[in-house]
Amino acid sequence: MSRASGSFIEPSAQAQDRTVAALQRFPLVAGLTREEIAEIAAQCSLHRIPAHKRVFEEGERSKGLWVITAGRVRLHHLMADGRQHVVGFRAPTAALDLSSALDGRPYTATATTMDDAELVLVPRGLLQELGKLYPVTVRNAIDLLCLEVRQRDITTAIAALKDARGRIGCALLQLARQFGRKQGGVLRIDYRLTRQDIADRSGVTVETAIRVMSDMQQRGVLRTESQVIEILEMEHVRDSASCEDCQFECSVFAPLLAEPPCEAEAI
DNA sequence: TCATTAACCGTCG
DNA sequence: CGACGGTTAATGA
């Protein structure tokens, strides 16, 4: 897994269009006009990074904000024993490490592409300027950070839940909330995940992830088709995750659509 | 490369 | 002791 050399994409009309299109769907600049976004895009750079390469590494100084325009990225910690602790999975129009980009401190995790990917880099200077120019982006940043904090809380809770079943169940619920699409009677996690991915997310070995998930499949709780997981019996997953003890609304029961913004009235 | 199974083994309640 | 989960190895797709 080598380093992501600067596969910088030369500025062009198409590159510019893709950048604008991606930024328009990025919540940080929600509320800005197309012209304003285009102006921002003109100061960003577009990068193409092959599958299984690092976008950045934990501890590196943040150069700016990475926004995914294509492909998928996993955020994770590299552990001494070679295992990986996945902090989260990201899909297009999501940012990679907003907090590092905002405060300019080192990245809190390593980002690795899962597919050939394309990302926009919003330079840090520009990011700071945005806050002054467009106050709404500050509000948006707070909302996005709220979400990240919640995610982090969930991660902590997963680690605290005692057994492997609970951690895997909780990871599945979280993924279902993030990528789940109701389809017929089942909830499909629209994100290809290997058993290793699930294991790394849950803090167990692949074999354990397989052990637990095979069991779930045999009981008709889950189904997997070419690395796409479908949850058939949400109740059972919730039970295995012992959600009663968990204060998070991994409310996969509530209609999940888009992530509801953090509705803080005033801070 | 990924998924699966099984035997084995140490830890812990 | 027995459940749990990591380790190792083997196998198939």
Side-chain angles (χ1 to χ4, degrees), chain A residues 1-5 7 48-55 57 68 70-92 109-118 154-176 178-181 183 186-246 248 250:
Chain A
M1 210 176 291
S2 52
R3 181 159 283 268
S5 58
S7 5
R48 184 161 289 151
I49 298 175
H52 312 300
K53 298 270 191 272
R54 309 258 169 89
V55 181
E57 277 186 65
I68 306 177
R72 304 175 302 148
V73 177
R74 61 145 77 184
L75 288 167
H76 55 96
H77 298 294
L78 301 166
M79 300 192 293
D81 61 2
R83 286 167 63 183
Q84 299 190 357
H85 182 292
V86 170
V87 175
F89 298 99
R90 297 285 180 269
T110 298
T112 304
T113 53
M114 300 173 77
D115 316 304
D116 290 344
E118 190 182 79
I154 291 173
T155 303
T156 309
I158 290 173
L161 281 171
K162 53 181 188 339
D163 60 8
R165 288 202 111 66
R167 294 208 293 274
I168 291 169
C170 198
L172 288 172
L173 288 176
Q174 198 263 315
L175 286 164
Q178 188 179 4
F179 300 112
R181 294 193 52 171
Q183 182 185 312
V186 307
L187 190 57
R188 166 192 294 246
I189 297 175
D190 253 327
Y191 203 95
R192 282 177 36 242
L193 293 163
T194 64
R195 293 292 187 259
Q196 187 72 60
D197 289 327
I198 298 294
D200 291 346
R201 183 73 175 96
S202 310
V204 299
T205 60
V206 215
E207 290 81 1
T208 297
I210 288 169
R211 206 184 267 164
V212 170
M213 290 179 70
S214 292
D215 187 64
M216 286 174 153
Q217 299 205 70
Q218 270 163 32
R219 289 198 272 157
V221 176
L222 281 189
R223 192 196 310 159
T224 303
E225 206 182 317
S226 51
Q227 302 186 333
V228 173
I229 298 166
E230 290 178 344
I231 301 178
L232 309 174
E233 301 277 346
M234 192 58 67
E235 300 285 340
H236 283 249
V237 180
R238 200 191 36 172
D239 290 346
S240 72
S242 41
C243 286
E244 309 79 50
D245 313 328
C246 180
F248 302 109
C250 349

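Order of the sequence lines fixes the chain letters, A, B, ..., with proteins taken first and strands second; residue numbering starts at 1 for each chain.
An OP1 or OP2 oxygen of B:dA3 is reached within less than 4.0 angstrom by a side-chain nitrogen or oxygen of A:Q227. Note on A:T208: every side-chain N or O is 4.0 Å or more away from OP1 and OP2 of C:dG5.
Spacing between atom CD of A:Q196 and atom C1' of C:dT7 amounts to 14 Å, rounded to whole angstrom units. Whole-Å rounding puts the A:D215 CG to B:dA3 C1' distance at 16 Å.
Residue A:V204 is in sugar-phosphate contact alone, with no base atom involved, counting any heavy-atom pair closer than 4.0 Å across all strands shown.
The shortest distance between side-chain heavy atoms of A:D197 and A:V86 does not fall below 4.5 Å.
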Without placing hydrogens or testing angles, list every side-chain donor-acceptor pair under 3.5 Å for residues 203-212 of chain A, not counting sequence neighbours.
{"from": "A:T205", "atom 1": "OG1", "to": "A:T208", "atom 2": "N", "distance (Å)": "3.3"}
{"from": "A:T205", "atom 1": "OG1", "to": "A:T208", "atom 2": "OG1", "distance (Å)": "3.1"}

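With sequence neighbours left out, A:R219 forms a salt bridge (charged side-chain N to carboxylate O under 4.0 Å, His left out) with A:D215. Residues passing the salt bridge (charged side-chain N to carboxylate O under 4.0 Å, His left out) test with A:D115 are A:R72, A:R192, sequence neighbours excluded.
The stretch residues 188-240 of chain A participates, sequence neighbours left out, in these ring-ring contact (aromatic ring centres under 6.0 Å, His included) pairs: A:F89-A:Y191, A:F179-A:Y191. Listed by first and then second residue, the ring-ring contact (aromatic ring centres under 6.0 Å, His included) pairs that reach into residues 195-232 of chain A come to none, sequence neighbours excluded.
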Practice item. Summarise protein proximity over nucleotides 5-13 of chain B in one line of letters, 5' to 3': B for base, S for sugar-phosphate only, - for none, counting protein heavy atoms closer than 4.0 Å. Key: B-B------
